[in-house]
Number of protein chains: 2
Amino acid sequence: MTNKPQFTTEVRRLANVAKALSHPVRIYILQKLSKMNSCCYSGDLVEELPVSRSTLSQHLKELKYAGLIQGEINPPYIKYCINRKNWEKAREIFNEFLNESSGEISCETTDYLIHK
Amino acid sequence: MTNKPQFTTEVRRLANVAKALSHPVRIYILQKLSKMNSCCYSGDLVEELPVSRSTLSQHLKELKYAGLIQGEINPPYIKYCINRKNWEKAREIFNEFLNESSGEISCETTDYLIHK
DNA sequence: TTTATATTTCGCAAAGTTACGAAATGATTT
DNA sequence: AAATCATTTCGTAACTTTGCGAAATATAAA
């Protein structure tokens with residue numbers, strides 16, 4: 001009788017953040033917002049991206065749901081900001097995940113997959 | 001006539017790696033393999049994960065396709081390894097993406113979304 | 001109050017992901 | 001050659017994601 005364990009919270013969290021980052025539109029938005037030192041953006045993101053307004057809105061919604069951005073209403077405009085607290089958290093768990101590997105190189109690495 | 005630009009290679013690369021990382025099974029595998037200083041693992045991964053053999057095989061295939069792991073045949077076993085070169089690359093682009101943000105906190109940040 | 005502007009939600013279609021069991025593959029042992 | 005073992009591929013079902021245009025919402029300006 002095989003033992004089928006569940007994932008740890010850490011593993012699930014990493015996968016969730018990665019999912020939020022797994023689309024070029026969302027990467028673009030995060031890259032833009034995270035670089036802004038004045039914190040918020042209120043320009044027309046749709047002009048810079050190859051998607052329609054409604055599609056963009058959906059991506060923004062997903063990023064909000066994932067907690068990575070915030071929207072501040074200033075009718076009829078909305079300013080988008082990085083959610084610094086959660087962005088920091090995401091950074092931490094990714095840094096840990098990516099940088100905890102043993103730097104050791106061994107086992108004659110090949111550049112390509114042997115398995116066809 | 002609105003201008004609809006394409007994504008840069010960097011943005012597309014980031015999204016692709018994030019996609020490869022967007023499932024707990026794949027995070028688990030990468031975490032395990034990247035931590036091993038003996039580079040390879042050929043144990044029965046399926047015993048440690050809540051999925052069937054065929055499903056696991058699909059996830060491994062995806063990670064191979066993304067270039068993050070390699071499989072080394074030693075019939076009838078296969079040893080999986082991190083593809084160190086590409087793992088390092090992924091690390092670099094993620095570190096840049098996550099850490100290039102202005103650390104400045106301003107614009108009275110709120111913890112929750114204002115937009116309902 | 002009508003019109004204009006910014007944005008989101010709805011409804012839908014197309015495509016992609018995840019999962020499984022069964023069949024196939026490919027090598028080794030009997 | 002037959003049985004065995006580790007693994008992958010196939011076929012299929014259920015679900016999720018992505019995308020769009022049209023309709024809805026909500027405010028401001030005329």
Side-chain angles (χ1 to χ4, degrees), chain A residues 2 4-7 11-12 14-30 33 40-66 68-81 113-116, chain B residues 2 4-7 11-12 14-30 33 40-66 68-81 113-116:
Chain A
T2 49
K4 288 290 178 181
Q6 281 312 112
F7 296 109
V11 166
R12 278 185 280 112
L14 275 164
N16 273 327
V17 178
K19 202 170 172 188
L21 305 181
S22 73
H23 192 285
V25 165
R26 298 193 295 266
I27 290 283
Y28 181 94
I29 295 167
L30 289 170
L33 296 183
C40 294
Y41 177 77
S42 64
D44 210 347
L45 229 26
V46 86
E47 295 288 308
E48 309 170 29
L49 290 166
V51 289
S52 72
R53 276 173 202 288
S54 58
T55 302
L56 174 61
S57 193
Q58 263 180 202
H59 286 299
L60 288 165
K61 193 171 148 191
E62 265 190 80
L63 289 173
K64 277 187 238 164
Y65 182 76
L68 297 174
I69 66 167
Q70 302 167 265
E72 191 177 316
I73 296 180
N74 250 62
Y77 300 98
I78 290 189
K79 292 202 288 186
Y80 289 105
C81 315
L113 305 175
I114 297 168
H115 206 273
K116 64 192 172 270
Chain B
T2 49
K4 287 291 179 184
Q6 281 313 111
F7 296 109
V11 166
R12 277 186 279 111
L14 276 164
N16 273 327
V17 177
K19 201 172 175 188
L21 305 181
S22 73
H23 193 285
V25 165
R26 299 195 293 266
I27 289 283
Y28 181 94
I29 294 167
L30 289 171
L33 296 183
C40 293
Y41 180 76
S42 65
D44 216 344
L45 226 29
V46 85
E47 297 288 308
E48 309 169 28
L49 290 167
V51 289
S52 72
R53 276 172 203 287
S54 58
T55 302
L56 175 59
S57 194
Q58 262 181 201
H59 286 298
L60 288 165
K61 192 170 147 191
E62 266 192 79
L63 289 173
K64 278 188 239 163
Y65 181 75
L68 297 174
I69 67 168
Q70 301 167 263
E72 191 177 316
I73 296 179
N74 249 62
Y77 299 98
I78 290 189
K79 292 203 288 187
Y80 288 105
C81 315
L113 304 175
I114 298 167
H115 206 273
K116 64 190 173 275

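Just so you know, these numbers come straight off a predicted model, no measurement behind them.
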Could you go through nucleotides 11-16 of chain D and list every protein N or O atom that sits under 3.5 Å from one of its N or O atoms, giving the distance for each pair?
none

> Stepwise, does the side-chain contact (heavy atoms from CB on, under 4.5 Å) test hold for Gln70(B) with Leu33(B)?
Replying inline: CA-CA 10 Å; Gln70(B) 301 167 263; Leu33(B) 296 183; over 6 Å; no
Rounded distance in Å - [atom1] ([X]) to [atom2] ([N]):
X: Leu56(B); N: dT18(C); atom1: CG; atom2: C1'; result: 13 Å
X: Leu45(A); N: dT8(C); atom1: CG; atom2: C1'; result: 15 Å
X: Tyr80(B); N: dT7(D); atom1: OH; atom2: P; result: 7 Å
X: Leu21(B); N: dT18(C); atom1: CG; atom2: C1'; result: 17 Å
X: Arg53(B); N: dA24(C); atom1: CZ; atom2: C1'; result: 16 Å
X: Leu60(B); N: dA6(D); atom1: CG; atom2: P; result: 16 Å

>> Using the side chain to side chain contact (heavy atoms under 4.5 Å, CB included) criterion, which residues pair with His23(B)? Sequence neighbours excluded.
In response: Val25(B), Arg26(B), His59(B)
> Does the pair Leu21(B) and Leu68(B) meet the rule for a side-chain contact (heavy atoms from CB on, under 4.5 Å), with working shown?
Replying inline: CA-CA 10 Å; Leu21(B) 305 181; Leu68(B) 297 174; 4.2 Å; yes
>> Can you tell me whether the side chain of Ser52(A) and the base of dG19(D) have a donor-acceptor pair closer than 3.5 Å?
In response: no
> In Å and rounded to the nearest 0.5 Å, what is the CG to OH distance from Leu56(B) to Tyr28(B)?
Replying inline: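 Going from CG on Leu56(B) over to OH on Tyr28(B), the span is 10.5 Å.
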